[in-house]
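Note that these values count all heavy atoms, side chains included, but never hydrogens, waters or copies made by symmetry. Just so it is clear, the structure is predicted and the values come from calculations on it, not from any experiment.
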Amino acid sequence: MYGYGDYYDERLTQIPYTDSSEELEDYRALVEIMLEDLAGIKGVGTEEGLFSKGLVISEAEMQEYFVNHPSVREKDFYFYILGDVVKQAIGHIESREESTSDNVFLPIRNIRKNFGLSDAWTVALVLAFLAHTNRGYERIYGFLQDDIESSEPTLGLAVSLCERAFYEDKLSASDILSDKSYLFGTLFMEEGINPVYPLRTKLILTGAALTYMNGNTTLFGYGAGIPYGLLCEYEDGKTPAFFEKEVKVLFNLIRHGDALPCLFVEGRDQDAIIHVAALAARANGKRFVTVSGESISTADEMECSGMVAFLSFYGHMEGITVMVTDVTDERLADESFTRILKRLIRTEGIAPFLFAGSDQTPERFKTGAATGTPVLHLQLPVPDVKVRTTIWDYFIKDAGLSKEKGFSSEEIADCYEVGYGVIKTAVSQAKLNMLANGVKKVNKDIVADALKGIGTVNFKGLAKEVRAVYTWEDLCIGDTERRVLQTACDRYKIKNRIGENWGITKKNAYGNGVSVLLYGPPGTGKTMSAQVVAREIGLPLYRVDTSQLFSKYIGETQKNLNAVFDEAEASNVILFFDEADALFSKRTDVESSNDRHANQEIAFLLQRIEEYKGMSLLATNFYSGFDQAFVRRITYAVRLEQPDYETRLSLWNNTLPEEVPKEKSIDYEFLAKNFELTGSNIKAILLSAAYMAGAEDGMLSMAHIVRAMKYEFDKLGMMPDSGKFGPYSVYLFG
């Protein structure tokens with residue numbers, strides 16, 4: 001056999017490695033010395049030659065076991081020479097590794113250190129890696145294992161090599177069933193394990209280990225074997241800690257991870273939870289990785305095994321903190337999902353294990369049924385208005401945007417009770433919108449549009465969006481009513497800042513929302529007023545479908561109401577209850593179980609609207625039918641009267657857009673003076689008349705308006721008085 005000097009240059013001993021290839025070549029030489037020795041035992045290079053062309057067993061091996069006396073078996077001269085050569089080789093490698101700076105990437109040194117590998121297990125590691133570097137090793141392994149079709153090295157091959165090479169540190173097949181079993185599924189694929197015949201266990205590197213050995217230190221490098229989207233590393237290291245208190249709490253929990261196996265972080269803003277956990281992990285010197293709960297639900301067994309191996313490998317190598325996001329009770333009810341969770345929790349190298357969800361801590365976590373271990377709880381609240389203002393300012397500045405004069409981050413933060421993730425995404429969307437439209441400076445409307453664009457409102461049929469197209473100029477109501485509506489808008493815009501800074505919120509047992517009751521005869525502008533308020537504040541307006549709310553089944557109505565208010569708070573929208581008298585009617589004397597049930601529903605609705613932190617608008621034609629307990633809890637009430645002459649004149653003049661071609665002879669003063677119509681009547685008449693004119697390819701005239709008025713009266717069941725039309729009555733019969 002060749003000696004130490006044939007494989008190593010003694011002049012390089014204690015000379016630092018310059019890169020990983022030098023380290024690998026030295027380990028390759030170490031293993032080849034051992035392979036050469038074992039090949040000699042099988043008869044390669046001997047006078048006897050090979051005993052069988054079938055590569056079953058050599059004559060030398062037969063003599064080793066059945067010719068020599070037991071006392072001298074495996075004690076030949078070469079055994080001692082091999083041990084000395086291997087000892088010199090390992091000393092050479094360790095000397096060079098120790099003198100090499102930690103800044104030089106040496107994958108085998110790093111793996112030995114972080115996994116605590118012995119010399120024997122290091123030989124097994126290199127054996128497995130060599131099979132990926134040169135196909136010639138496949139034939140060598142097959143020959144030495146008496147199975148030419150067995151291209152992967154086995155634990156038996158590693159044992160044979162190490163039994164001859166090491167005096168004390170020998171690799172035992174029983175190791176895979178004891179303290180080194182975690183190496184399978186981390187360094188080596190657990191699919192290669194043969195529990196019945198351990199020596200037949202195949203040594204196949206996992207995707208993560210192979211990627212790392214090849215010099216790719218990226219956590220998600222090519223060949224890691226992890227499906228796209230299953231895992232995600234959080235890399236944003238420059239964003240400041242907006243949640244300092246929560247970061248400190250998580251920092252301490254991660255720091256003592258061995259004593260804390262699991263933690264559930266509850267919060268609506270998943271981005272904020274990930275942000276906080278990533279900062280806490282980074283402060284502990286760990287990389288932070290998220291696992292999508294949805295991805296786990298759809299992943300197959302092979303993908304999950306790859307994920308576990310990946311996490312365990314990098315958990316040992318670099319230290320990582322793992323968080324499973326989107327955890328819900330529904331997912332925890334799935335047996336395969338909980339089986340994977342338990343497997344992840346038991347993964348070596350990861351502690352603590354974190355979970356995140358928008359709901360409260362699931363019951364299966366509280367009992368430990370879903371994890372096999374207790375799960376602690378931490379809540380991440382929606383940031384207050386001061387923190388939201390800071391977040392808005394940070395991301396606007398970070399995006400390189402300048403503010404339009406009058407734009408206030410405080411006002412945006414006060415009106416939109418959204419979290420870190422929504423703000424971050426909204427600013428990015430606003431920047432794209434500005435570039436697309438050539439806008440130079442950010443303003444409130446741009447932010448509002450961006451927030452609407454990223455919104456995912458889902459009332460499940462219980463409410464529908466109403467486009468807020470009207471402005472204060474379109475709203476023809478009295479000055480007093482206008483001032484009340486403006487006051488309601490102003491209050492909503494500052495409710496958080498004033499409420500917190502002046503201590504008002506502390507004294508308020510309920511929410512700091514704003515509610516406005518709009519009441520008056522039909523057609524007086526209640527719906528238009530709701531749209532104007534929504535546009536002024538800049539929030540989407542959703543009309544609640546009262547027909548879908550109430551159910552004959554006990555408990556269903558409360559469930560529907562909860563769904564509406566919960567979604568409204570989460571989505572930051574304005575609720576509009578049209579024909580609200582159907583909801584808030586007076587409670588009746590209890591004469592039956594139905595009466596009791598109806599009164600309970602009304603009481604529950606009163607409670608929810610009082611606790612609601614947003615804005616709610618209610619419209620009714622019958623104020624007298626309202627429950628007085630509800631009226632007392634309303635923030636503002638606005639009575640919209642039948643329009644007077646001045647208001648009607650303004651409506652006739654301003655309802656249609658300027659683009660509509662009109663004859664100058666239209667007598668708006670005559671129409672306003674002689675017909676006491678509501679705003680909705682006037683709007684319906686003018687729109688109908690405009691389409692008549694368009695169909696005739698002409699200009700809007702008094703003839704079109706009079707004919708449209710006749711149709712409107714017919715619709716309302718009213719007989720038009722031709723005398724009131726004066727000189728224009730001729731158009732009634734045209």
Side-chain angles (χ1 to χ4, degrees), residues 466-490 516-537 541 576 578 617 619-621 623 636-694 699-713 715-716 718 720-721 724-728 731:
V466 178
R467 280 199 320 124
V469 298
Y470 295 112
T471 64
W472 292 107
E473 289 73 23
D474 300 314
L475 190 60
C476 296
I477 59 175
D479 291 340
T480 300
E481 290 76 19
R482 186 184 296 267
R483 282 195 297 271
V484 175
L485 288 179
Q486 186 65 65
T487 299
C489 293
D490 292 341
V516 180
L517 174 63
L518 305 164
Y519 67 97
T524 52
K526 295 184 288 295
T527 301
M528 180 181 285
S529 297
Q531 293 187 44
V532 170
V533 169
R535 182 157 182 168
E536 171 68 17
I537 294 174
L541 180 68
F576 178 40
D578 203 0
L617 304 172
T620 180
N621 301 332
Y623 178 78
Y636 301 102
V638 179
R639 175 175 175 79
L640 301 177
E641 304 282 358
Q642 287 277 8
D644 56 16
Y645 167 74
E646 296 294 335
T647 303
R648 292 197 298 272
L649 181 59
S650 176
L651 287 168
W652 282 111
N653 274 293
N654 300 313
T655 296
L656 290 177
E658 293 182 1
E659 292 84 356
V660 177
K662 313 176 189 71
E663 291 185 357
K664 294 182 179 179
S665 59
I666 297 177
D667 193 349
Y668 290 125
E669 292 184 359
F670 175 86
L671 295 171
K673 182 177 180 180
N674 288 278
F675 299 97
E676 295 184 1
L677 299 171
T678 65
S680 63
N681 296 144
I682 294 172
K683 177 184 176 182
I685 291 167
L686 285 173
L687 286 176
S688 176
Y691 281 109
M692 288 181 194
M699 300 177 69
L700 181 67
S701 65
M702 279 295 288
H704 298 120
I705 292 175
V706 170
R707 271 192 286 153
M709 290 179 71
K710 180 179 183 301
Y711 299 154
E712 182 71 10
F713 288 155
K715 180 182 73 175
L716 298 174
M718 299 167 57
D721 184 353
K724 282 190 175 184
F725 286 89
Y728 305 108
Y731 298 129

**Message:** If I take atom CZ from residue Arg639 and atom CG from residue Leu517, how far apart are they, to the nearest 0.5 angstrom?
**Reply:** 11.0 Å
**Request:** Going by the side chain to side chain contact (heavy atoms under 4.5 Å, CB included) test, name the single residue among Asp490, Val532, Val516 that passes it with Leu485.
**Result:** Val516
**Message:** Donor-acceptor check, side chain of Glu481 to backbone of Val638, threshold 3.5 angstrom: yes or no?
**Reply:** no
**Request:** Could you tell me which non-hydrogen atom of Lys673 sits nearest to which non-hydrogen atom of Arg648, and how far apart they are?
**Result:** O-NH2, 4.4 Å
**Message:** Looking at Ala684, is its backbone amide N or carbonyl O close enough to the side chain of Ser688 to form a donor-acceptor pair, meaning the two atoms are under 3.5 Å apart?
**Reply:** no
**Message:** When you compare the side chains of Thr647 and Asp644, does any donor N or O come within less than 3.5 Å of an acceptor on the partner?
**Reply:** yes
**Message:** Nearest 0.5 Å, please: how far is CG in Leu617 from CZ in Phe576?
**Reply:** 7.0 Å
**Message:** Could you walk me through whether Leu671 and Met702 satisfy the side-chain contact (heavy atoms from CB on, under 4.5 Å) test, starting with their C-alpha distance in whole Å, then the side-chain angles of each, then the deciding distance to 0.1 Å, before giving a yes or no?
**Reply:** CA-CA 10 Å; Leu671 295 171; Met702 279 295 288; 4.1 Å; yes
**Request:** Could you please spell out the steps behind the side-chain contact (heavy atoms from CB on, under 4.5 Å) verdict for Asn681 and Phe675?
**Result:** CA-CA 10 Å; Asn681 296 144; Phe675 299 97; over 6 Å; no
**Prompt:** Which atom names give the shortest non-hydrogen contact between Glu712 and Lys715, and what distance separates them?
**Reply:** OE1-NZ, 3.0 Å
**Fill in**
Heavy atoms of Ala708 and Ala689 approach each other most closely as CB-N, 3.8 Å
**Message:** Let me confirm one number: the CD1-NZ distance from Ile685 to Lys710, rounded to the nearest 0.5 Å.
**Reply:** 13.0 Å
**Item:** Minimum-distance pair of heavy atoms, taken over all atoms of Leu651 and Thr655
**Value:** O-OG1, 2.5 Å
**Derivation and outcome, side-chain contact (heavy atoms from CB on, under 4.5 Å), residues Leu649 and Glu669** = CA-CA 6 Å; Leu649 181 59; Glu669 292 184 359; 4.0 Å; yes
**Student check: side-chain heavy atoms of Lys526 and Asn621 closer than 4.5 Å** = yes
**Request:** Please work out which of the three classes, parallel, tilted or perpendicular, describes the rings of Tyr728 and Phe670, given edges at 30° and 60°.
**Result:** perpendicular
**Message:** Distance check, rounded to the nearest 0.5 Å: Thr678 atom OG1 versus Leu640 atom CG?
**Reply:** 11.5 Å
**Any residue meeting side-chain hydrogen bond (donor to acceptor under 3.5 Å, both in side chains) with Glu676, in chain and number order, not counting sequence neighbours** = none
**Request:** Report, as yes or no, whether the 6.0 Å neighbourhood of atom OH on Tyr691 holds more than 12 heavy atoms from other residues, nucleotides or ligands.
**Result:** no
**Request:** Report the C-alpha separation of Phe713 and Leu677 in whole Å, then their side-chain angles, then the decisive distance to 0.1 Å, and conclude whether the side-chain contact (heavy atoms from CB on, under 4.5 Å) test is met.
**Result:** CA-CA 10 Å; Phe713 288 155; Leu677 299 171; 3.9 Å; yes
**Request:** Ignoring hydrogens and angles, tell me if any N or O in the side chain of Asp474 forms a donor-acceptor pair with the backbone of Thr471 under 3.5 Å.
**Result:** yes
**Gly523 to Ser680 - nearest heavy-atom pair and separation** = CA-OG, 2.8 Å
**Prompt:** Taking atom CG of Leu700 and atom CG of Leu686, what is their separation to the nearest 0.5 Å?
**Reply:** 7.0 Å
**Request:** Ignoring hydrogens and angles, tell me if any N or O in the side chain of Arg535 forms a donor-acceptor pair with the backbone of Val469 under 3.5 Å.
**Result:** yes
**Message:** Would you say that Gln531 contacts Val466 through its side chain, given a criterion of any heavy-atom pair below 4.5 Å between the two side chains?
**Reply:** yes
**Gln486, CD: over 12 other non-hydrogen atoms inside 6.0 angstrom** = yes
**Residue Lys683 excluded, over 12 heavy atoms near NZ under 6.0 Å** = no
**Asked** Can you tell me how far the CH2 atom of Trp472 sits from the CD1 atom of Ile477, to the nearest 0.5 Å?
**Response** 6.5 Å
**Prompt:** Do you know the tightest heavy-atom contact between Leu475 and Gly525?
**Reply:** CD1-O, 4.3 Å
